[in-house]
Number of protein chains: 2
Amino acid sequence: MRADAQRNAEKLRAAAAELFQERGLKVPLEEIARRAGVSHGTLYNLFGTREALIDEVVTGLAADRLDETAEHALSFEEAREGFAYYVEKVCELQATDPAVADVVSGRYPAAECLMAICAQARDAATRIIERAQLAGAIRPDFTAEDLLVFFCVNALLAGAVADTEPDTWRRQVGFLLDGLNTETAQAPLSVAPLTSQQMYVVMGRLAGTP
Amino acid sequence: MRADAQRNAEKLRAAAAELFQERGLKVPLEEIARRAGVSHGTLYNLFGTREALIDEVVTGLAADRLDETAEHALSFEEAREGFAYYVEKVCELQATDPAVADVVSGRYPAAECLMAICAQARDAATRIIERAQLAGAIRPDFTAEDLLVFFCVNALLAGAVADTEPDTWRRQVGFLLDGLNTETAQAPLSVAPLTSQQMYVVMGRLAGTP
DNA sequence: AGTGTTCTTGGCCCTTGGGTCAATTTTCCG
DNA sequence: CGGAAAATTGACCCAAGGGCCAAGAACACT
């Protein structure tokens, strides 16, 4: 790869990272090219698809913060508090960074690294949920799939309110957390939980991958 | 208005009602015209905008069923049961009829009748919630705005799962209902409820009216 | 039936965004 | 420095949808 191409790729990665964080992963490629100061043809030359570009920058965008959050959640003495922390913190990350919202929502299933991070989030959720359930802190019929679907939905809500009421999503999170307590009346759920595959399908549709 | 124009308008209303129920209020106008057997130019002639067309058919599409649901909810002896019935039933209507989902979500704020129905739903929600709160059945900090926002979010979820897992939304509804019980631990909410105006803005954005 | 009014038609333009490609420019290396 | 190889450019194409409008068809009144 020639030196100028190398430089352009770097500029594009930087511009993409910025714009992804500002406006989410579906920002027009053309704008990324513009911010990088190259023509959009060059972007297609160097990366080919949006997914490839995502894969090169998304780790730095989201993985670290998500991992940290999960780790910290598991370090709480009280499993319930750890769980509540995890849910709120992930939602907060989504609300403050559209790129994280899109990553957690598994938008762009064709982006391998993205989906890896998404799967990782699912695993972390499983561990945190199971720990809380073993401690008798949250209802036993709540699954990681339920939580990830909730995250997707929260991403939409948080995105919708970002510039006017940036914190309303916290109310819905509050209702959810209270609905998961073991003490709650807990009318048994009438519907089976989603499988992992079903969850990915649902998330894809929620994110609008037609 | 000439007789043929009258006939065409009727055919268009019928086609619109059908397609709105099948695919939601944002179905391409061009398809409505095609199903009605006229050119899309005619549709623009007779109605001008999508909103005008919506206004002429939406009452029949949604108002009756929503009213009935609210009325029935208020006829329960137990306020809590009435409330739970209302939430589940509205969500079910949304899940089985994309047009209802769009109406409740207040998509197309420019459509007067639509917004009237939406406001009516909000009033009904207020009455049902207040009754349940007076009976001590649900938490006092839950507002009609919270519920309408939840409905919007549910509309998105239900739409996303309609053809594969048409009932998953019931799980999230179950969590919400359990989260609203008065017995629940009820960590106080950290965020103020939305005002009515704010709610409409949020709903508009959720529905994707840019 | 004639004739003026009203409707319909379908082609055309606009916008957004993804994607392609021939011609041009830049780089690199002998 | 010169020329081959590599990269860049920006014009162009496509698709979906909304919307406009001049020409022609249908209607209705006399």
Side-chain angles (χ1 to χ4, degrees), chain A residues 1-16 18-20 22-57 98-99 102 107-111 114 159 204-205 207-210, chain B residues 1-16 19-20 22-57 98-99 102 107-111 114 204-205 207-210:
Chain A
M1 179 177 262
R2 235 166 64 177
D4 55 344
Q6 194 76 50
R7 250 178 293 129
N8 283 336
E10 206 38 66
K11 280 193 285 184
L12 281 166
R13 272 185 280 260
E18 273 179 38
L19 278 166
F20 285 160
E22 287 168 24
R23 319 239 310 262
L25 298 184
K26 67 176 200 275
V27 75
L29 293 182
E30 212 271 326
E31 273 197 60
I32 296 176
R34 202 178 319 135
R35 180 164 308 190
V38 303
S39 124
H40 72 280
T42 300
L43 194 160
Y44 282 103
N45 254 346
L46 295 176
F47 296 95
T49 66
R50 157 181 252 110
E51 280 78 10
L53 182 53
I54 290 174
D55 265 352
E56 299 219 13
V57 299
D102 287 343
R107 191 170 251 164
Y108 304 111
L114 185 156
R205 302 213 172 207
T209 324
Chain B
M1 181 177 259
R2 236 167 60 177
D4 55 344
Q6 194 76 50
R7 250 178 292 130
N8 282 336
E10 206 38 65
K11 281 193 284 185
L12 281 165
R13 271 185 280 261
L19 277 165
F20 285 159
E22 287 168 25
R23 319 239 310 261
L25 297 185
K26 66 176 201 273
V27 73
L29 293 183
E30 213 271 328
E31 274 196 59
I32 295 178
R34 203 178 317 135
R35 179 164 308 189
V38 303
S39 123
H40 72 279
T42 299
L43 194 161
Y44 282 104
N45 255 344
L46 295 176
F47 296 96
T49 65
R50 157 181 253 112
E51 281 79 11
L53 183 52
I54 290 174
D55 264 352
E56 300 219 12
V57 298
D102 287 342
R107 190 171 253 163
Y108 305 111
L114 186 155
R205 302 213 173 209
T209 322

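First the proteins, then the strands, lettered A, B, ... as listed; each starts at 1.
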Calculate the interatomic distance between A:Leu43 atom CG and C:dC21 atom C1'; express it in whole Å. 16 Å
From CZ of A:Arg34 over to P of D:dT8, roughly how many Å is that when rounded to an integer? 18 Å
Which distance, rounded to the nearest 0.5 Å, do you find between the CD of B:Glu10 and the CD of B:Glu56? 9.0 Å
Separation of atom CG in A:Leu12 from atom C1' in D:dT8, rounded to whole Å: 12 Å
Nearest non-hydrogen partners of A:Arg13 and A:Val57, listed with the distance: O-CG1, 3.6 Å
With the side chain defined as heavy atoms from C-beta on, A:Ser39 is closest, among D:dA11, D:dA7, D:dT9, to D:dT9
Residue mapping more 5' on DNA chain D - nearest nucleotide basis, B:Glu30 or A:Gly41: A:Gly41
Could you tell me the separation between the CD atom of A:Glu31 and the C1' atom of C:dT15, rounded to a whole number of Å? 15 Å
Are B:Asn8 and C:dT8 close enough that a side-chain N or O sits under 4.0 Å from OP1 or OP2? yes
In whole Å, what is the span from the CG atom of B:Leu19 to the P atom of D:dG17? 13 Å
Provide, to the nearest angstrom, the distance between the CE atom belonging to B:Met1 and the P atom belonging to C:dT5. 19 Å
Donor-acceptor pair, distance only, cut-off 3.5 Å: does the side chain of B:Arg107 make one with the backbone of B:Ala207? yes
What's the NZ-P distance between B:Lys11 and C:dT8, to the nearest Å? 9 Å
Over how many whole Å does the gap from B:Asp4 atom CG to D:dC29 atom P extend? 13 Å
Minimum-distance nucleotide (side-chain atoms of A:Arg2 versus C:dT26, D:dT9, D:dG19): C:dT26
Which of C:dT8, C:dG17, C:dT27 is nearest the side chain of A:Pro28? It is C:dG17
Nearest-0.5 Å distance, CG of residue B:Leu19 to CZ of residue B:Arg35: 4.0 Å
Taking all atoms of both residues into account, what is the closest heavy-atom pair of A:Leu29 and A:Arg50, and its distance? CG-NH1, 3.8 Å
Is there a donor and acceptor pair closer than 3.5 Å between the side chain of A:His40 and the base of C:dG19? yes
Between B:Asp102 and B:Leu25 the two heavy atoms that sit nearest each other are OD2-N, 2.7 Å
Tightest non-hydrogen contact, residues B:Ile32 and B:Phe20, listed as CD1-CE2, 3.8 Å
Which one, D:dA26, D:dA7, D:dT9, comes nearest to the side chain of A:Val38? D:dT9
Shortest non-hydrogen contact from A:Leu12 to A:Ala33? CD2-CA, 3.9 Å
For D:dT9, take OP1 and OP2 only and decide whether either is under 4.0 Å from a side-chain N or O of A:Thr42. yes
Identify each donor-acceptor pair in which a side-chain atom of residues 38-49 of chain A lies under 3.5 Å from a protein atom, sequence neighbours left out, and give them as a table.
{"residue": "A:Ser39", "atom": "OG", "partner": "A:Gly41", "partner atom": "N", "Å": "2.9"}
{"residue": "A:Thr49", "atom": "OG1", "partner": "A:Glu51", "partner atom": "N", "Å": "3.4"}
{"residue": "A:Thr49", "atom": "OG1", "partner": "A:Ala52", "partner atom": "N", "Å": "3.1"}

Need the bend value for the helix from C:dA1-D:dT30 to C:dG30-D:dC1: angle between end axes, 5 pairs each end, nearest 10°. 20°
Quick one, which residues of residues 44-52 of chain A touch DNA chain C with a heavy atom under 4.0 Å? A:Tyr44, A:Arg50
Nearest 0.5 angstrom please: B:Lys26 NZ to B:Ile54 CD1, how far? 11.5 Å
